[in-house]
Amino acid sequence: MENADVAQVLYDMGAMTEVIGGNPFKVRAFRQAAEVIDTLPGPVSELWRKDELTGLPSVGTRIADKIGEILESGTCEEYEELAAEVPMGVLELLRIEGVGPKTVASVWKELGVTDLDGLEDAIDSGRLKEVPRMGPVRVRAIRKAIGRYRARGGRMPLHRALYYAEGILGRLRRVPGVIRAEAAGSLRRRRETVGDLDLLIASERPGPVMRAFASLPDVDEVIARGDTKSSVRLEIGLHVDLRVLPPESFGAALHYFTGSKNHNIAIRTRAVRLGLKLSEYGVFDREGNRLSGEREEDVFEAVGLPWIPPELREGTGELEAAEAGKLPHLVTEEDLLGDLHVHSDTSSDGRSSLQDLWREAKGLGRQYLAITDHSRSRPLGLEPKALLAHAKEIRAASKKFQGGPKLLAGVEVDILPDGSLDLPADVLGSLDWVVASIHTHFDDPPDRITARMVKAIESGVVDAIGHPSGRLIGKRDPYSYDLEAVLDAARAHGVALELNAMPDRLDLTDGGCRLAKEAGVPVVIDSDAHVSSHLSLLRFGVWVARRGWLEKEDIVNTRPASRLRETRRGEAAREERK
DNA sequence: GCCGTTTTCGGCCCGACTGTTTTCAGTCG
């Protein structure tokens, strides 16, 4: 039973309670508890075992009991009662844009609609119009929304969302009267995927901005258009919201629309306790007098807190940390001195030469670069002899190229199905950096995958475990394994876990980073570059690390080249320190 | 259902926009 499964039961209970018109605050309680469980860095079962569930925010004794039931049996009594009343298909209707709990209740109770197909039938037969407050415009909108729901493939990866956001912001910044234009929302929090774009404009004259926004070249449909707020959908399917605010409100708005929702509720509740009111327009006192709001810092100052970086604003303890003066000093891209997982054209899938990689890394100000091509079991991977020759070539090149990063001779060695490594230990031991990764048998049972990784860690010749979960966002699920057991082994041997910065990997996740930090396991942020232009992608890894509360000291490649192996407790490192 | 430096009861963040209405409910963020 994974955290996500427990969370799903709670999410569904919230939705079912909402559809049957239950207490809205109870609905919110279910949802908040679900979100907490869903984003928990460690397994919820562990907290349950230690009877510490009620220590979590938004989890009281009642929900803690339900979580216990769910962990033991996969469900709970109240869930079963709700599920007996509300058909599951009804919950899916809530995911249709423009369809909320009231509409769902109406079509279900009055028309007998219990799933998406039923809703489409009701539209086609004209029965949907019988529902109160349902006119032709809404019926058409719902029909279109169903089509989009069926077609859409989920959230957009961060790197693509950033690309579109920058394009739109660039155009809006040229509109007369625009003082500032920024992206907020999950994009600003640097979540790995983004559902829609939230853009904010500071201007005294909203009119021209709204006109420019609605007439952007790739707008497919204008969904809403008001004086200060508009929504459009781009041809690629991305939903974009735009708000225009006066400059004196911009900071408050930036804070509010950056979220997350849980963070906002927590900080507004805190404001209420202090006799203040927060809105996207500013900070107000009891009489409604505006106190501040031009800068985002104003909002935090008003509630007695230091500014909190957007990546931390998930409602997972950042307010408490800020209050205690214990916010982490988050790692920055500038802190990274090198890159320890890079492929050259010597391995089958690398496309850039040593010189190209070196030149690109020099431009990025890197001090070192480990060339880590694939081992022999990968197609065209390197046999021991070829690898040793390659290492010689890398070291020679490093001497020859002057005034740039040092090139380190490394390898990305396969962890074979039995957990052994794809190259002899003496060959691996002669290299400057060894990344060990799983590239095959992803479907092994979890204990086998775990055992493979642990065995690799215990080999004494491995510096880091590459892309630990093997996931490809939107394409391949992570393989199941026991991260805690891997972290235990990694700590014991001083082996690092990789945070692979490729935008479709981002593996470790933010939650995994937090666990690694708690376990005292170093993290290495790598590009896994297969072409020289990939070297700049490290920033995506930095954002995940920041979301995982990591500081400079937690990251291996913030150290100079001479100190990379100082936390390793394997044989090779001991040899080296002699 | 959660929560507490006014509270263990009685609150629970706040506002814009739309479509359907003659004043507002529903949805969204």
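So that the names make sense, note that chain A is the first sequence line, chain B the second, and so on, each numbered from 1.
The separation of B:dT20 from B:dT27, taken at their P atoms, amounts to 13 Å, rounded to a whole angstrom. Nucleotides B:dC2 and B:dC13 have their C1' atoms positioned 15 Å apart, rounded to a whole Å. On the C1' atoms, B:dT5 is 24 Å away from B:dG1, given to the nearest whole Å. Comparing B:dG11 with B:dT22, their C1' atoms are spaced 34 Å from each other, to the whole Å. Between B:dC3 and B:dT8, the two C1' atoms lie 9 Å apart (nearest whole Å). For the P atoms, the distance linking B:dT21 with B:dG26 amounts to 12 Å, nearest Å. B:dC17 sits 25 Å from B:dC12 when the C1' atoms are compared, rounded to a whole Å. Rounded to whole Å, the separation between the P atoms of B:dC9 and B:dC14 comes to 25 Å.
Heavy atoms of A:S230 sit nowhere under 4.0 angstrom from any nucleic acid atom. Among the heavy atoms of the strands lying under 4.0 Å from A:P57 are primed sugar atoms or P, OP1, OP2 only; no base atom is included. Residue contacts shown for A:T103 are limited to sugar-phosphate atoms, with no base heavy atom under 4.0 Å away. Residue A:P101 is classed as a sugar-phosphate contact, given heavy-atom separations below 4.0 Å to backbone atoms only. Among the atoms of the strands shown, only primed sugar atoms or phosphate atoms (P, OP1, OP2) are found under 4.0 Å from some heavy atom of A:V99. Within 4.0 Å of A:K129, counting heavy atoms only, lies no atom of the nucleic acid at all.
We find that A:R233 and A:E221 are joined by a salt bridge, their nearest charged nitrogen and carboxylate oxygen being less than 4.0 Å apart. Checked for salt-bridge contact, A:R171 and A:D218 miss the test: no charged N lies under 4.0 Å from a carboxylate O. A salt bridge links A:E78 to A:K26: at least one charged side-chain nitrogen sits closer than 4.0 Å to a carboxylate oxygen. Salt bridge status for A:R127 with A:E130: absent, with no side-chain N to carboxylate O gap under 4.0 Å.
In this structure, B:dT8 forms no base pair with any nucleotide, since neither Watson-Crick nor G-U wobble geometry is met with both distances under 3.5 Å.
Distance alone, capped at 3.5 Å, is enough to place a donor-acceptor pair between the A:D298 side chain and the A:E294 backbone. A donor-acceptor pair under 3.5 Å is absent between the side-chain atoms of A:R173 and the main chain of A:E182, judged by distance alone. A donor-acceptor pair is defined here as one N or O able to donate and one able to accept, closer than 3.5 Å; no such pair exists between the side chain of A:R189 and the backbone of A:L312. The main-chain N or O of A:Y281 is found under 3.5 Å from a side-chain atom of A:S249 such that the two form a donor-acceptor pair. For the pair A:E69 (side chain) and A:E77 (backbone), a donor-acceptor distance under 3.5 Å is present.
For A:Y149 and A:E92, the side-chain atoms include at least one donor-acceptor pair closer than 3.5 Å. If you check the side chains of A:S260 and A:R313, you find no donor sitting under 3.5 Å from an acceptor.
Atom-to-atom, CD1 of A:I265 to C1' of B:dG15 comes out at 14 Å; the value is rounded to the nearest Å. Rounded to an integer number of Å, the gap from CD of A:E280 to C1' of B:dC17 is 13 Å. What separates CD1 of A:I267 from P of B:dC12 is a distance of 19 Å, to the nearest Å. Straight-line distance from the CG atom of A:D227 to the P atom of B:dC17: 6 Å, rounded to whole Å. When rounded to the nearest whole Å, the span between NE2 of A:H263 and P of B:dC14 equals 15 Å. Distance CD (A:E35) to P (B:dC2): 15 Å, rounded to an integer number of Å. We find that CD of A:E221 is positioned 12 Å from P of B:dT18, with the value rounded to whole Å. Between the P atom of B:dC14 and the CZ atom of A:F25 lies a distance of 11 Å, rounded to the nearest Å.
Position along DNA chain B of the nearest nucleotide to A:D196 versus A:I63 favours A:I63 as the more 5'-ward residue. Annotation: of the two residues near DNA chain B, A:L278 and A:V139, the 5′-most nearest-nucleotide partner is A:L278.
Here the side chain of A:R268 is nearest to one of B:dG1, B:dC14, B:dC17, namely B:dC14. Listed nucleotides: B:dT20, B:dC12, B:dT18. Nearest to the side chain of A:R28: B:dC12. Looking at the side chain of A:V137, the nearest of the listed nucleotides B:dC13, B:dT20, B:dA16 is B:dT20. Checking B:dC13, B:dG1, B:dG19 against the side-chain heavy atoms of A:R62 singles out B:dG1 as nearest. The side chain of A:R225 lies closest to B:dT18 when the candidates are B:dT20, B:dT18, B:dG1. For A:A29, taking side-chain heavy atoms from C-beta onward, the closest of the listed nucleotides B:dT5, B:dC2, B:dG19 is B:dC2. Of the candidate nucleotides B:dA16, B:dC17, B:dC14, B:dC14 has the atom lying nearest to any side-chain atom of A:V272. Of the candidates B:dG29, B:dT20, B:dC17, B:dC17 carries the atom nearest the A:K229 side chain, counting heavy atoms from C-beta on.
Here A:K66 reaches the OP1 or OP2 of B:dG1: one of its side-chain N or O atoms lies under 4.0 Å away. The shortest distance between the side-chain N/O atoms of A:T228 and the OP1/OP2 oxygens of B:dC17 is below 4.0 Å. Within the 4.0 Å cut-off from OP1 or OP2 of B:dG11, not a single side-chain nitrogen or oxygen of A:K26 is found.
Between the base of B:dG1 and the side chain of A:N23 there is a donor-acceptor pair shorter than 3.5 Å. Applying the 3.5 Å distance criterion, the base of B:dG15 shares no donor-acceptor pair with the side chain of A:Y281.
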Show me the protein contacts with nucleotides 8-10 of chain B, counting only N or O atoms at under 3.5 Å.
none

Look for any protein N or O under 3.5 Å of an N or O in nucleotides 23-25 of chain B and output each such pair with its distance, or none.
from, atom 1, to, atom 2, distance (Å)
B:dC24, O2, A:R133, NH2, 3.0

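Partner of A:I37 under the side-chain contact (heavy atoms from CB on, under 4.5 Å) criterion, out of A:I70, A:I63, A:N3, A:V9: A:N3 alone. Partner A:R546 forms a salt bridge (Lys or Arg N to Asp or Glu O under 4.0 Å) with one of A:E551, A:E314, A:E311 and no other, that one being A:E311.
With a glycosidic angle further than 90° from 0, B:dT6 counts as anti.
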